[in-house]
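Notes follow the structure.
It should be emphasised that the depicted structure is a prediction, and the values quoted were computed from it without experimental measurement.
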Amino acid sequence: DAHVLFDVLPDDLASPDRLAPYAKVLRPGTAPLAEWLAAFQPPSRFQAPATVRVSCTRPARDDHELDFHFVNYNRTEPPPGPDGKPSPGAGVEDEKPIPVRGIVAEIRLPAERHAVAVEVISPEHPGADQVPFEIVAGRVRFTIPEFLVYAIARVRIE
């Protein structure tokens, strides 16, 4: 719920060189994640409802962009079933997503890189819409336009 980006690595890939860029490495037997998050100031931040999940990918063949995937799980729930228990619904006809707006992203870029553009794509707006951005405290800061279920913010970097 804190919208912190993380990686999960198997032990055989967790060499000291591979772990060096990370702000924190959690291993079995270390402090609980909730305790650590309470004191941690993440390098990238997302102001979003708890119903939104964020992930980041970096295209394997393109070192000039970072893609942030936003998934909004907020929806109008179907009525309870005849037994009074929550109903999963009858399929796509019961999917009634509630739009989300005002998500603010503050992204720390890799060292020596800077943003040149931010584009947002969603099924409602399939063309890449340029969104304004600013640099605040060394982070690229922008707001995601309203979307229903899914949006990608592509941060172009040099």
Side-chain angles (χ1 to χ4, degrees), residues 1-11 13-77 95-158:
D1 291 343
H3 302 293
V4 174
L5 297 175
F6 63 91
D7 277 341
V8 176
L9 296 174
D11 290 340
L13 296 181
S15 68
D17 287 345
R18 177 73 166 90
L19 298 177
Y22 290 94
K24 177 70 175 173
V25 175
L26 299 174
R27 297 177 186 269
T30 61
L33 181 59
E35 182 181 312
W36 175 76
L37 281 173
F40 179 60
Q41 291 297 315
S44 296
R45 301 178 188 140
F46 303 92
Q47 297 170 20
T51 57
V52 173
R53 294 295 182 237
V54 184
S55 67
C56 178
T57 59
R58 189 174 201 161
R61 294 190 175 107
D62 186 353
D63 194 32
H64 298 286
E65 74 180 58
L66 295 172
D67 296 331
F68 294 87
H69 305 261
F70 296 84
V71 180
N72 176 26
Y73 288 95
N74 198 10
R75 67 180 186 149
T76 301
E77 297 294 332
E95 289 295 319
K96 295 181 176 78
I98 298 171
V100 65
R101 65 184 60 82
I103 294 175
V104 176
E106 294 182 3
I107 311 297
R108 186 183 74 185
L109 296 178
E112 308 300 321
R113 306 303 290 272
H114 63 279
V116 295
V118 176
E119 305 165 342
V120 176
I121 303 164
S122 71
E124 297 82 34
H125 301 281
D129 293 329
Q130 298 280 326
V131 296
F133 67 92
E134 60 184 336
I135 306 301
V136 176
R139 294 179 179 90
V140 178
R141 185 176 203 270
F142 57 93
T143 302
I144 304 293
E146 178 179 286
F147 67 96
L148 280 175
V149 176
Y150 183 68
I152 297 174
R154 179 170 292 137
V155 178
R156 303 273 185 191
I157 56 177
E158 287 185 352

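- Between the N72 side chain and the V52 main chain, no donor and acceptor come within less than 3.5 Å of each other.
- Looking at every heavy atom in both residues, Y150 comes nearest to V71 through CD1-CG2, 3.8 Å.
- In this structure, I152 and H69 approach most closely via the heavy-atom pair CG1-ND1, 3.8 Å.
- Between I121 and P126, the closest heavy-atom pair is CG2-O, 3.5 Å.
- Distance check, rounded to the nearest 0.5 Å: CZ of R45 to CD of E106 gives 5.5 Å.
- Of all non-hydrogen atoms in R75 and I98, the two that sit nearest each other are C-CD1, 3.7 Å.
- S44 contributes a side-chain N or O that, together with a main-chain N or O of R108, makes up a donor-acceptor pair within less than 3.5 Å.
- Residue-environment remark: OH (Y73) stays at or below the threshold of 12 foreign heavy atoms within 6.0 Å.
- The closest side-chain heavy-atom distance from P145 to V131 is below 4.5 Å.
- Note: F46 and F70 have perpendicular aromatic rings, judged against thresholds of 30 and 60 degrees for the angle between ring planes.
- Residues H64 and R156 are not in side-chain contact: their nearest non-hydrogen atoms beyond the backbone lie 4.5 Å or more apart.
- A distance of 8.5 Å separates CD in E134 from OG1 in T143, rounded to the nearest 0.5 Å.
- At least one side-chain heavy atom of R58 sits less than 4.5 Å from a side-chain heavy atom of I157.
- Looking at L109 and V155, their side chains come closer than 4.5 Å, going by heavy atoms from C-beta outward.
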For N74 and V100: C-alpha separation, side-chain torsions, deciding distance, then whether side chain to side chain contact (heavy atoms under 4.5 Å, CB included) applies. CA-CA 8 Å; N74 198 10; V100 65; over 6 Å; no
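- Remark: L19 pairs with L9, A14, Y22, V25, R27 by the side chain to side chain contact (heavy atoms under 4.5 Å, CB included) rule, at least two apart or across chains.
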Could you walk me through whether R113 and D63 satisfy the side chain to side chain contact (heavy atoms under 4.5 Å, CB included) test, starting with their C-alpha distance in whole Å, then the side-chain angles of each, then the deciding distance to 0.1 Å, before giving a yes or no? CA-CA 10 Å; R113 306 303 290 272; D63 194 32; 3.1 Å; yes
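- The CG atom of L148 lies 7.0 Å from the CD atom of E146; values are rounded to the nearest 0.5 Å.
- Note that CZ of R154 is 12.0 Å distant from CG of D129, once rounded to the nearest 0.5 Å.
- Contact detail for F142 and P132: the closest heavy-atom pair is CB-O, 3.5 Å.
- When atom types are taken as modelled, the side chain of R139 and the backbone of I107 share no donor-acceptor pair closer than 3.5 angstrom.
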